[in-house]
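Here is the structure we will look at, set down as structure tokens.
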Protein chains: 2
Amino acid sequence: MKSSLKISETVVRRLPIYLRYLNELSMRNVQTVSSQELGNRLDLNPAQIRKDLAYFGEFGKKGIGYDVSYLIEKIRQILKLDQTINVALIGAGNLGVALCNYNMYQKDNMKIQAVFDNHPDKIGQTINHLTVLPLSQMHEKIRAENIRVGIITVPASEAQNVADQLVEAGIEGILNFAPTIIKVPEHIRVHYADFTADLLSLAYYLE
Amino acid sequence: MKSSLKISETVVRRLPIYLRYLNELSMRNVQTVSSQELGNRLDLNPAQIRKDLAYFGEFGKKGIGYDVSYLIEKIRQILKLDQTINVALIGAGNLGVALCNYNMYQKDNMKIQAVFDNHPDKIGQTINHLTVLPLSQMHEKIRAENIRVGIITVPASEAQNVADQLVEAGIEGILNFAPTIIKVPEHIRVHYADFTADLLSLAYYLE
DNA sequence: TAGATTGTTAATCGATTAACAATC
DNA sequence: TAGATTGTTAATCGATTAACAATC
């Protein structure tokens, strides 16, 4: 385990991709997989996959490949998904509600434990067993429930304000669906789920 | 215009980000912006922004900066957003419905013109003025409406099947929200809106 | 043993950034 | 003119890939 090394962001971003396919293999009772097979399926170079995994340890066996279950366990450890991570969602609009109901991350140990919205129509409603709370209760709830990640699904115009409140409440990471760049202190991690940019850039490649 | 040059994907992906902020400036009646200001706001290196734009032409004025309206116009041309691009959405679940209602890309000239789903409960329902059609009508409708892009919001297990049908119907690009890698012919462009990977990789950086 | 596949080094490729002449 | 800022080159930095000894 070379955990002293600084691992690049591009490497970390591939780990969930590996994990997902490994889970699929596991469900099909496949015992072992090679970097070759992984690469084929995921459109990645096998050498890259081996190198990615080698940053974290020696998980494979020469001549054999990787034990599927063992590698799943290891990647989950690396991503810190061996513990439950509590998540709050802010913005109970169409997208927010969709993500709450999705809740497929639950099997990955990330669980939406609270939903916030300031719209009077929304407050008090129930979404997937969770009552929508006003933003004024965010600080208290986030601390009480040990929530460490916030998902922002409010309009772009409100995203920075919500981010500020999340930081203030002691959140450690943010997944921002609002189509805007937000400013947070150094120690807060922000990922962008920017599907409008994904869609618009697609137009460039047409025809 | 050095349009012969092969532009890298990372450059193209930043164009919608520029466009978005330029639109904001335009609405605030800002006439001119420097790469410095853009970089500040978007957390990007000013040299990178100048280089990105210079791939497509000389849009700025030395000593002055970029004319906001002119640059918006140019970026829209580059991304081919000066024409309307018709889009189909496949999978009228929570997420699909959310994206239909969103339809904020409409102002960017990408418009969802058809919605498909095979679930009997869904077929015939109306979502944002569009009637949900069965997949069996996809081929015909896509050709009739000149639809060039497909958004996949079905479960991962069905994504490849839907992608195959989209390709068969003559689609040119796909935005895939299903958490799985899909295989398509060389000439089809696929972008991934993989927010579960964004969320899981966030866990790595906590604490 | 022979075949397969890892972990890792070295080579390549591509992206970012600094620096600055050109010029508004 | 003096100050600001572009477009572009060169330097740096980082990521991908090929190749192969080690070994199951």
Side-chain angles (χ1 to χ4, degrees), chain A residues 1-15 17-18 21-22 25 30-72 74-75 78 181 197 201 204, chain B residues 1-15 17-18 21-22 25 30-72 74-75 78 181 197 201 204:
Chain A
M1 202 53 106
K2 319 164 187 174
S3 52
S4 51
L5 238 113
K6 220 281 188 178
I7 309 293
S8 99
E9 192 173 317
T10 57
V11 172
V12 174
R13 294 242 174 201
R14 280 191 292 266
L15 297 179
I17 312 292
Y18 301 153
Y21 182 52
L22 290 165
L25 290 175
V30 176
Q31 303 293 309
T32 275
V33 68
S34 68
S35 59
Q36 184 69 241
E37 292 167 67
L38 278 167
N40 271 163
R41 185 62 186 77
L42 303 175
D43 290 339
L44 295 169
N45 184 300
Q48 183 172 65
I49 295 174
R50 293 199 299 278
K51 203 164 195 282
D52 282 357
L53 297 173
Y55 282 115
F56 303 99
E58 304 201 356
F59 302 144
K61 289 219 192 330
K62 293 188 175 71
I64 310 279
Y66 299 91
D67 182 274
V68 171
S69 303
Y70 181 69
L71 192 51
I72 288 174
K74 282 300 169 185
I75 295 181
I78 294 162
I181 308 295
S201 61
Y204 177 83
Chain B
M1 205 46 109
K2 320 165 187 171
S3 51
S4 51
L5 239 113
K6 220 283 188 175
I7 309 293
S8 99
E9 192 174 316
T10 55
V11 172
V12 174
R13 294 243 174 200
R14 279 190 293 265
L15 296 179
I17 311 293
Y18 300 153
Y21 182 53
L22 289 165
L25 290 175
V30 176
Q31 304 291 309
T32 275
V33 68
S34 68
S35 59
Q36 183 68 240
E37 291 168 69
L38 278 168
N40 271 162
R41 185 61 186 77
L42 302 175
D43 290 340
L44 294 169
N45 184 300
Q48 182 172 65
I49 294 174
R50 294 199 300 278
K51 202 163 196 283
D52 282 355
L53 296 173
Y55 282 116
F56 303 98
E58 304 203 355
F59 302 144
K61 288 220 193 331
K62 292 187 176 69
I64 310 282
Y66 299 90
D67 181 276
V68 172
S69 304
Y70 180 69
L71 192 50
I72 287 174
K74 283 300 170 186
I75 294 180
I78 294 162
I181 308 297
S201 60
Y204 176 83

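Letters go in sequence order (proteins before strands), and every chain restarts at 1.
Counting only heavy atoms from C-beta on, B:Lys61 has its side chain closest to C:dC24 among C:dC24, D:dC24, D:dA19. Checked against D:dC20, D:dT16, D:dT8, the side chain of B:Arg50 finds its nearest nucleotide in D:dT8. Checking C:dA18, C:dA15, D:dT6 against every side-chain atom of B:Ser8, the shortest atom distance belongs to C:dA15. Side-chain atoms of B:Tyr66 lie closest to D:dG7 of the nucleotides C:dA15, D:dG7, C:dG7. Counting only heavy atoms from C-beta on, A:Ala47 has its side chain closest to D:dA18 among D:dA18, C:dG7, D:dT5.
The side-chain hydrogen bond (donor to acceptor under 3.5 Å, both in side chains) test with B:Ser35 singles out one residue from B:Arg50, B:Lys51, B:Gln48, and that residue is B:Arg50. Evaluated for a side-chain contact (heavy atoms from CB on, under 4.5 Å) with B:Tyr18, the options B:Ile72, B:Leu71, B:Ile75, B:Val33 yield exactly one hit, B:Ile75.
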note = Applying the Watson-Crick and G-U criteria (both distances under 3.5 angstrom) with [ ] for crossing and | for other-strand pairs, one obtains for DNA chain C ..||||||||||||||||||||||
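Following rounding to the nearest Å, A:Gln36 (CD) and D:dT17 (P) show an atom-to-atom distance of 13 Å. Atoms CG (A:Leu38) and P (C:dT5) sit 12 Å apart, rounded to a whole Å. Computed from coordinates, the B:Lys51 NZ to C:dC20 P distance equals 18 Å when rounded to whole Å. Rounded to an integer number of Å, the gap from OH of B:Tyr18 to P of D:dT6 is 12 Å. Atom pair B:Lys62:NZ and D:dG3:C1' shows a separation of 16 Å (rounding to whole Å applied). Between A:Asp52 atom CG and D:dA15 atom C1' the separation is 10 Å, expressed in whole Å. Atom NZ of A:Lys6 is separated from atom C1' of D:dA15 by 14 Å (rounded to the nearest Å). The interatomic distance linking A:Tyr55 (OH) with C:dT9 (P) rounds to 11 Å, in whole Å.
A distance of 5.0 Å separates CG in A:Leu53 from OH in A:Tyr66, rounded to the nearest 0.5 Å. Rounding to the nearest 0.5 Å places CZ of B:Arg41 at 15.0 Å from CD of B:Gln36.
Map A:Asn45 and A:Gly63 each onto its nearest nucleotide of DNA chain D; the residue landing nearer the 5' end is A:Asn45. Summary of the strand contacts: A:Val11 and A:Ile64 both lie near DNA chain D, and taking for each the nucleotide with the nearest heavy atom, the more 5' one is attributed to A:Val11.
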